[in-house]
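The structure under discussion appears below in the form of C-alpha coordinates.
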Amino acid sequence: MNERSAAPGGLALVESLVNTVDLADGADTLDTEEGRARLGITEGELAGARELRESLRAALLAHAGHPPHRAVTPLGELLARAPLYVAVDAGDGSAALAPAGDTALLSRVAAAVAEALLAGTWMRLKACEAVTCHWAYYDRSPAGRGRWCSMRVCGAREKMRRYRAKGA
(Lines give C-alpha, C1' and ligand atoms only; values in the text may rest on other atoms or scores of the structure.)
Protein backbone atom coordinates (compact mmCIF):
# COMPACT_ATOMS: atom_id res chain seq x y z
CA MET A 1 0.00 0.00 0.00
CA ASN A 2 2.87 2.34 0.78
CA GLU A 3 4.58 4.16 -2.11
CA ARG A 4 7.11 5.73 0.25
CA SER A 5 10.72 4.57 0.45
CA ALA A 6 11.71 2.36 3.36
CA ALA A 7 12.53 3.80 6.75
CA PRO A 8 16.22 4.49 7.42
CA GLY A 9 18.57 2.15 9.25
CA GLY A 10 17.15 -0.41 11.61
CA LEU A 11 13.70 1.19 11.42
CA ALA A 12 13.27 -0.65 8.11
CA LEU A 13 12.98 -3.85 10.18
CA VAL A 14 10.31 -2.31 12.41
CA GLU A 15 8.40 -0.98 9.41
CA SER A 16 8.65 -4.35 7.68
CA LEU A 17 7.34 -6.22 10.73
CA VAL A 18 4.38 -3.87 11.26
CA ASN A 19 3.49 -4.12 7.58
CA THR A 20 3.23 -7.92 7.56
CA VAL A 21 -0.54 -7.76 7.92
CA ASP A 22 -3.09 -6.04 5.70
CA LEU A 23 -5.84 -4.93 8.08
CA ALA A 24 -8.32 -4.40 5.24
CA ASP A 25 -8.39 -8.04 4.15
CA GLY A 26 -6.63 -9.79 7.05
CA ALA A 27 -3.84 -11.23 4.89
CA ASP A 28 -0.82 -11.88 7.09
CA THR A 29 2.53 -12.71 5.48
CA LEU A 30 3.62 -14.25 8.79
CA ASP A 31 1.22 -17.08 7.96
CA THR A 32 3.65 -18.17 5.24
CA GLU A 33 7.04 -19.80 5.62
CA GLU A 34 8.50 -17.23 3.21
CA GLY A 35 7.07 -14.34 5.23
CA ARG A 36 8.53 -15.69 8.46
CA ALA A 37 11.88 -16.37 6.80
CA ARG A 38 12.16 -12.72 5.68
CA LEU A 39 12.12 -11.73 9.35
CA GLY A 40 14.19 -14.67 10.52
CA ILE A 41 11.51 -16.22 12.73
CA THR A 42 10.16 -19.73 13.06
CA GLU A 43 6.58 -20.88 13.35
CA GLY A 44 7.19 -21.36 17.07
CA GLU A 45 8.05 -17.67 17.42
CA LEU A 46 4.92 -16.54 15.60
CA ALA A 47 2.81 -15.58 18.63
CA GLY A 48 5.60 -13.43 20.05
CA ALA A 49 6.22 -11.78 16.68
CA ARG A 50 2.54 -10.90 16.35
CA GLU A 51 2.41 -9.51 19.89
CA LEU A 52 5.48 -7.39 19.13
CA ARG A 53 4.01 -6.25 15.80
CA GLU A 54 0.79 -4.97 17.40
CA SER A 55 2.65 -3.27 20.27
CA LEU A 56 4.83 -1.53 17.69
CA ARG A 57 1.72 -0.50 15.73
CA ALA A 58 0.24 1.07 18.89
CA ALA A 59 3.47 3.03 19.46
CA LEU A 60 3.52 4.19 15.83
CA LEU A 61 -0.09 5.32 16.11
CA ALA A 62 0.92 7.30 19.21
CA HIS A 63 3.71 8.93 17.18
CA ALA A 64 0.98 10.17 14.83
CA GLY A 65 -1.19 11.38 17.73
CA HIS A 66 -3.72 8.54 17.67
CA PRO A 67 -4.91 6.13 20.37
CA PRO A 68 -3.97 2.44 20.20
CA HIS A 69 -5.92 0.37 17.70
CA ARG A 70 -6.67 -2.17 20.42
CA ALA A 71 -5.40 -3.29 23.82
CA VAL A 72 -1.81 -4.49 23.50
CA THR A 73 1.14 -5.31 25.71
CA PRO A 74 3.00 -2.02 26.19
CA LEU A 75 6.02 -1.89 23.89
CA GLY A 76 8.32 -0.96 26.78
CA GLU A 77 7.41 -4.20 28.59
CA LEU A 78 8.28 -6.27 25.54
CA LEU A 79 11.53 -4.46 24.78
CA ALA A 80 12.64 -4.80 28.42
CA ARG A 81 12.87 -8.56 27.78
CA ALA A 82 15.29 -8.12 24.86
CA PRO A 83 18.87 -9.18 25.53
CA LEU A 84 21.22 -6.51 24.18
CA TYR A 85 24.87 -5.72 24.67
CA VAL A 86 27.15 -2.78 23.95
CA ALA A 87 29.27 -3.58 20.91
CA VAL A 88 32.47 -1.54 20.62
CA ASP A 89 34.28 -1.30 17.30
CA ALA A 90 37.99 -2.11 17.80
CA GLY A 91 38.98 0.15 14.91
CA ASP A 92 37.40 3.46 15.81
CA GLY A 93 36.02 2.85 19.31
CA SER A 94 32.44 3.61 18.30
CA ALA A 95 29.75 1.85 20.30
CA ALA A 96 26.22 0.71 19.63
CA LEU A 97 23.61 -1.48 21.24
CA ALA A 98 23.46 -4.82 19.47
CA PRO A 99 21.19 -7.85 19.78
CA ALA A 100 22.59 -10.62 21.93
CA GLY A 101 22.01 -13.29 19.31
CA ASP A 102 21.47 -12.51 15.67
CA THR A 103 18.21 -14.44 15.32
CA ALA A 104 16.08 -12.99 18.13
CA LEU A 105 13.53 -10.68 16.50
CA LEU A 106 12.77 -8.94 19.80
CA SER A 107 16.45 -8.09 20.33
CA ARG A 108 16.87 -6.89 16.74
CA VAL A 109 13.83 -4.63 17.10
CA ALA A 110 15.05 -3.31 20.47
CA ALA A 111 18.45 -2.50 18.94
CA ALA A 112 16.72 -0.77 15.99
CA VAL A 113 14.58 1.34 18.34
CA ALA A 114 17.65 2.28 20.40
CA GLU A 115 19.54 3.24 17.22
CA ALA A 116 16.60 5.33 16.04
CA LEU A 117 16.33 7.08 19.40
CA LEU A 118 19.98 8.11 19.19
CA ALA A 119 19.58 9.21 15.56
CA GLY A 120 16.41 11.17 16.35
CA THR A 121 14.35 9.20 13.83
CA TRP A 122 12.14 7.05 16.10
CA MET A 123 9.27 9.55 16.30
CA ARG A 124 9.18 9.85 12.49
CA LEU A 125 8.09 6.22 12.10
CA LYS A 126 4.30 6.37 12.24
CA ALA A 127 1.18 4.36 11.50
CA CYS A 128 -1.35 5.55 8.93
CA GLU A 129 -4.37 7.12 10.58
CA ALA A 130 -6.84 5.30 8.29
CA VAL A 131 -8.57 2.73 10.54
CA THR A 132 -8.64 0.12 7.78
CA CYS A 133 -4.91 0.56 7.16
CA HIS A 134 -2.58 1.52 10.06
CA TRP A 135 0.33 0.72 7.73
CA ALA A 136 3.76 1.83 9.04
CA TYR A 137 5.57 4.55 7.13
CA TYR A 138 8.51 6.87 7.70
CA ASP A 139 7.38 10.50 7.74
CA ARG A 140 9.86 12.52 5.70
CA SER A 141 7.67 15.65 5.56
CA PRO A 142 9.55 18.79 6.65
CA ALA A 143 7.25 19.46 9.61
CA GLY A 144 6.87 15.77 10.53
CA ARG A 145 3.09 15.94 10.29
CA GLY A 146 2.36 13.22 7.74
CA ARG A 147 -0.92 11.43 8.36
CA TRP A 148 -1.27 8.69 5.77
CA CYS A 149 0.94 5.98 4.38
CA SER A 150 -0.20 6.95 0.89
CA MET A 151 -1.62 10.28 -0.13
CA ARG A 152 -2.97 8.65 -3.31
CA VAL A 153 -4.90 5.95 -1.43
CA CYS A 154 -5.60 6.57 2.27
CA GLY A 155 -5.22 10.35 2.07
CA ALA A 156 -7.45 10.62 -0.99
CA ARG A 157 -10.13 8.45 0.63
CA GLU A 158 -10.18 10.57 3.77
CA LYS A 159 -10.31 13.82 1.82
CA MET A 160 -13.20 12.45 -0.26
CA ARG A 161 -15.07 11.43 2.94
CA ARG A 162 -14.67 14.94 4.34
CA TYR A 163 -15.75 16.50 1.07
CA ARG A 164 -18.87 14.34 0.92
CA ALA A 165 -19.69 15.05 4.56
CA LYS A 166 -19.64 18.80 3.87
CA GLY A 167 -22.04 18.45 0.94
CA ALA A 168 -24.51 16.24 2.79
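Counting begins at 1 with the first residue of the sequence. This one's a predicted model, so the numbers in the text were calculated from it and none came from an experiment.
Pro99 and Ser107 make their closest contact through CB-CB, 3.5 Å (heavy atoms, listed as atom of the first residue, atom of the second, distance). The nearest pair of heavy atoms linking Ala64 to Ala127 is CB-O, 3.9 Å. The heavy-atom pair separating Gly10 from Glu115 by the smallest distance is N-OE2, 3.1 Å. Heavy-atom minimum distance, Thr32 versus Gly35: OG1-N, 2.9 Å.
Proximity of Leu23 to Val131: side-chain heavy atoms (C-beta onward) are nowhere separated by under 4.5 Å. A heavy-atom distance below 4.5 Å is not found between the side chains of His134 and Cys128. Side chains of Leu13 and Leu39 form a contact here, defined as non-hydrogen atoms less than 4.5 Å apart.
Taken together through direct or relayed side-chain contacts under 4.5 Å among Ile, Leu, Val, Met, Phe, Trp and Tyr, Val14 and Leu46 form part of one hydrophobic cluster. In the hydrophobic clustering of ILVMFWY residues, with side-chain heavy atoms under 4.5 Å counting as a link, Val109 and Leu117 come out together. Residues Leu97 and Leu56 are members of separate hydrophobic clusters, defined by side-chain heavy-atom contacts under 4.5 angstrom among Ile, Leu, Val, Met, Phe, Trp and Tyr.
Applying the side chain to side chain donor-acceptor pair (under 3.5 Å) test to Thr29 and every residue at least two apart in sequence or in another chain returns nothing. Thr42 pairs by the side chain to side chain donor-acceptor pair (under 3.5 Å) definition with Glu45, not counting sequence neighbours. Checked against ring-ring contact (aromatic ring centres under 6.0 Å, His included), His63 has the following partners two or more places apart in sequence or in another chain: Trp122. The side chain to side chain donor-acceptor pair (under 3.5 Å) search around Thr20 returns Arg53, not counting sequence neighbours. Residues forming a side chain to side chain donor-acceptor pair (under 3.5 Å) with Asp25 (at least two apart in sequence, or on another chain): none.
Within the model, atoms CG of Leu60 and NE2 of His66 stand 11.5 Å from one another, a figure rounded to the nearest 0.5 Å. Atom CZ of residue Arg108 and atom CG of residue Leu17 lie 9.0 Å apart, to the nearest 0.5 angstrom.
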Exercise for review: Dump the intermediate steps for side chain to side chain contact (heavy atoms under 4.5 Å, CB included) on Val21 and Leu30, then the final yes or no.
Suggested key: CA-CA 8 Å; Val21 67; Leu30 294 181; over 6 Å; no

Exercise for review: List the steps and the verdict of side chain to side chain contact (heavy atoms under 4.5 Å, CB included) for Tyr138 and Thr121.
Suggested key: CA-CA 9 Å; Tyr138 188 76; Thr121 56; 3.2 Å; yes

Could you pull out every donor-acceptor pair under 3.5 Å between side chains of residues 68-84 and any protein atom, sequence neighbours left out?
from	atom 1	to	atom 2	distance (Å)
His69	NE2	Glu54	OE1	2.7
Thr73	OG1	Glu51	OE2	2.7

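Salt-bridge check for Asp31 with Arg50: passed, with a basic side-chain N closer than 4.0 Å to an acidic carboxylate O.
Side chain of Arg124 to backbone of Ser141: a donor-acceptor contact under 3.5 angstrom is found.
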